[in-house]
Novice: 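Here you go, one structure.
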Amino acid sequence: KKATITIDRLRIIATIDNRIYGSFIEHLGRAVYDGIYEPTHPMADEDGFRKDVIQLVKKLNVPIIRYPGGNFVSGYNWEDGVGPRSERPTKLDLAWFTRENNEIGLHEFSKWLKKVDSEMMMAVNLGTRGADEARNLVEYCNHPGGSYWSDLRKSHGVLEPYAIKTWCLGNEMDGPWQIGHKTAVEYGRLANEAGKVMRWTDPQIELVACGSSNIDMPTFAEWEATVLDLSYDQVDYLSLHNYYGNPTDDTPSYLAKGIEMDEFIKSVVAICDYVKAKKRSKKKINLSFDEWNVWYHSREADQFNERWQFAPHLLEDIYTFEDALLVGGLLITLIKNADRVHMACLAQLVNVIAPVMTKTGGKAWCQTIFYPFLHASLHGRGVALQVNVDSPKYDCTQFTDVPVLDAVAVWNEEDKTATLFVLNRSLEEDLDLSCDFRSLKASGVLEHIVLEHADLKAVNSVENPDNVVPVQSRGASLAGGRLSCVVKRATWNVIRVS
Ligand code: AHR
């Protein structure tokens, strides 16, 4: 079978905000302790951070990392994590029913962020706390000095302000599982008031309000409209969260979940613009898809966890090859929506539903999903271009008319390269792809990277870390501005031309 793609240099979606390649570290399970931080590990650096993990995270080139939660933040007192370590309290974390000893807090995490060349997306607790603690945290982090909280930071050894730009106003406040769960009216008012005093403390910051925890929440849409109605002038972004899974082993439907993500994004954009119109506002609210990933493999195991453990194994999904295909498809969807999605966080980064895994005391390795994320983060920077895809279609249990081939292109003006990200969702058919690159004046193929495996359920592990890894394909050719290659069945492809 055949598929064709036409790219027009002038059909620009948007310049991609690199923050769509963000990620997330929560105080949850072994993400922080025994993940990024393991002072007794042979690879630990002078601060107790694992150098092997730093190396893998750096490879991913993640521009922004959300911290410290997640559900965790809704019961967190940030003051517990600053100041002399010997005086920091051990507390019960009611989000995950574990113990938190606060050995890692804001300063230690900031140090780690420097080591991995990333920035913080800071979340404040609007579950058990409110506007006062949130504005104190902004003052502590971002005010130069001469006030109680900024001088306290200085007394803790950090003289220069952190200048943290992006702040999340709580986490999943629509969810009954959230510590301090709120109605849309309660949260909308609180987001407005907290946002107001945080911004008065530092006018340079950007604020993200909580949207729905996922598209299936019964309050979805009404929640977004009410929250924005009550906080429009104070917020810059609205968040989206969604996790995907294949619990019924229906791979054709699973690989089409990018369609669901696209509909979710389009619906939230519509709500933002509805409130904009209603308010006759000139301000546009953009989106922060600050939790997305595959999450389902570990759910059953986690139900039996003993309470109040320290850094237990939680949410340790082991990802299959088909999960990596879906993650590739979701990245294509995020890039296609780069005009409104300005931030996104692959949730999470280390050990907890993560591309990077560690064995406590042992090695670190890359899960299957590491690779599509790596490719998008490295080559998906520049201008997102609309592509015209003509491909066979299929029907499955959850969708009809699913294009077998999903694709998006990114033009990098600096090095005059174009990258085509392509997912072949078919489990049976290879496709002969012809792609018209004439408008980009492309004359040669730089590389065609393929992630493929005979077994959809193949995984990487500490014993076999290179079971699913990308390979270079040799068959692609470009003549007269037209590319031809074979896009094998069930593959993720990165085709780069210049
Ligand atoms: O990422 C894991 C959890 O998923 C987060 O803590 C929460 O925000 C979401 O429900």
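When a ligand or atom number is given, it counts from 1 through the structure's own listing order. Being a predicted model, the structure only gives us computed values, none of them experimental.
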Novice: Between Lys165 and Asp236, does any side-chain N to carboxylate O distance fall below 4.0 Å?
Specialist: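 Here Lys165 does not pair with Asp236 in a salt bridge, since their nearest N and O are not under 4.0 Å apart.
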
Novice: Is Gln348 in polar range of ligand 1, meaning some N or O pair under 3.5 Å apart?
Specialist: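 Checking ligand 1 against Gln348, an N or O pair does fall under 3.5 Å apart.
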
Novice: Could you check if a side-chain atom of Gln367 sits within less than 4.5 angstrom of a side-chain atom of Val356, using non-hydrogen atoms only?
Specialist: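 Of all side-chain heavy-atom pairs linking Val356 with Gln367, none is under 4.5 Å.
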
Novice: Give yes if a backbone or side-chain nitrogen or oxygen of Tyr243 is under 3.5 Å from a nitrogen or oxygen of ligand 1, and no if not.
Specialist: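 Yes, there is a polar N/O contact under 3.5 Å.
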
Novice: Tell me the contacting part of Trp292 for ligand 1: side chain, backbone, both, or neither, using a 4.0 Å heavy-atom threshold, strictly below.
Specialist: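 Neither; no heavy atom under 4.0 Å.
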
Novice: Using a strict cut-off of 4.0 Å, indicate which atoms of ligand 1 neighbour a heavy atom of Ile353.
Specialist: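 Here the atoms of ligand 1 in question are 1 (O).
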
Novice: Show every donor-acceptor pair shorter than 3.5 Å between a side-chain atom in residues 53-69 and any protein atom, with sequence neighbours excluded, or say none if there are none.
Specialist:
{"residue": "Arg66", "atom": "NH1", "partner": "Glu291", "partner atom": "OE2", "Å": "2.8"}
{"residue": "Arg66", "atom": "NH2", "partner": "Asn171", "partner atom": "OD1", "Å": "2.7"}
{"residue": "Tyr67", "atom": "OH", "partner": "His27", "partner atom": "NE2", "Å": "2.7"}

Novice: Under the ring pair (Phe, Tyr, Trp, His ring centres under 6.0 Å) rule, collect the residues that match up with Phe264, sequence neighbours excluded.
Specialist: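 Ring pair (Phe, Tyr, Trp, His ring centres under 6.0 Å) list for Phe264, sorted by chain: Phe220, Phe289.
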
Novice: Please state which protein non-hydrogen atom is closest to atom 6 (O) of ligand 1 and give its distance, to 0.1 Å?
Specialist: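 Sorting protein heavy atoms by distance from atom 6 (O) of ligand 1 puts Glu26 OE1, 2.6 Å first.
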
Novice: List ligand 1 atoms under 4.0 Å from Gly70, heavy atoms only on the residue side.
Specialist: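 Contacts of ligand 1 toward Gly70, numbered from 1: 5 (C), 6 (O), 8 (O).
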
Novice: Starting from atom 7 (C) of ligand 1, which protein heavy atom do you reach first, and at what distance in Å?
Specialist: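 Of every protein heavy atom, Asn71 OD1, 3.3 Å lies nearest to atom 7 (C) of ligand 1.
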
Novice: Just checking Tyr37 against Trp112, ring centres under 6.0 Å apart?
Specialist: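 When the ring centroids of Tyr37 and Trp112 are compared, they turn out to be at least 6.0 Å apart.
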
Novice: N/O of Asn171 under 3.5 Å from N/O of ligand 1, yes or no?
Specialist: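 Indeed, backbone or side chain, Asn171 has an N or O that close.
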
Novice: Provide, to 0.1 Å, the distance between atom 10 (O) of ligand 1 and the closest protein heavy atom, together with that atom's residue and name.
Specialist: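 Checked against all protein heavy atoms, atom 10 (O) of ligand 1 sits closest to Glu172 OE1, 2.7 Å.
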
Novice: How does Phe72 reach ligand 1, if at all, at less than 4.0 Å between non-hydrogen atoms: by side chain, backbone, both, or neither?
Specialist: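 Near ligand 1, Phe72 shows nothing, with every heavy atom at 4.0 Å or more.
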
Novice: Measuring only between side-chain heavy atoms, which start at C-beta, is Val327 closer than 4.5 Å to Tyr244?
Specialist: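 No. Closest side-chain heavy atoms not under 4.5 Å.
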
Novice: Counting distance only, does the side-chain N/O of Tyr33 pair as donor-acceptor with the main-chain N or O of Ile104 below 3.5 Å?
Specialist: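 Yes; at least one donor-acceptor contact below 3.5 Å.
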
Novice: Return the residue, atom name and 0.1 Å-rounded distance of the protein heavy atom closest to atom 4 (O) of ligand 1.
Specialist: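 Atom 4 (O) of ligand 1 sits closest to the protein heavy atom Glu291 OE1, 3.1 Å.
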
Novice: For the pair Glu263 and Lys266, find out whether any cationic side-chain nitrogen is under 4.0 Å from an anionic carboxylate oxygen.
Specialist: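 No, this pair does not count.
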
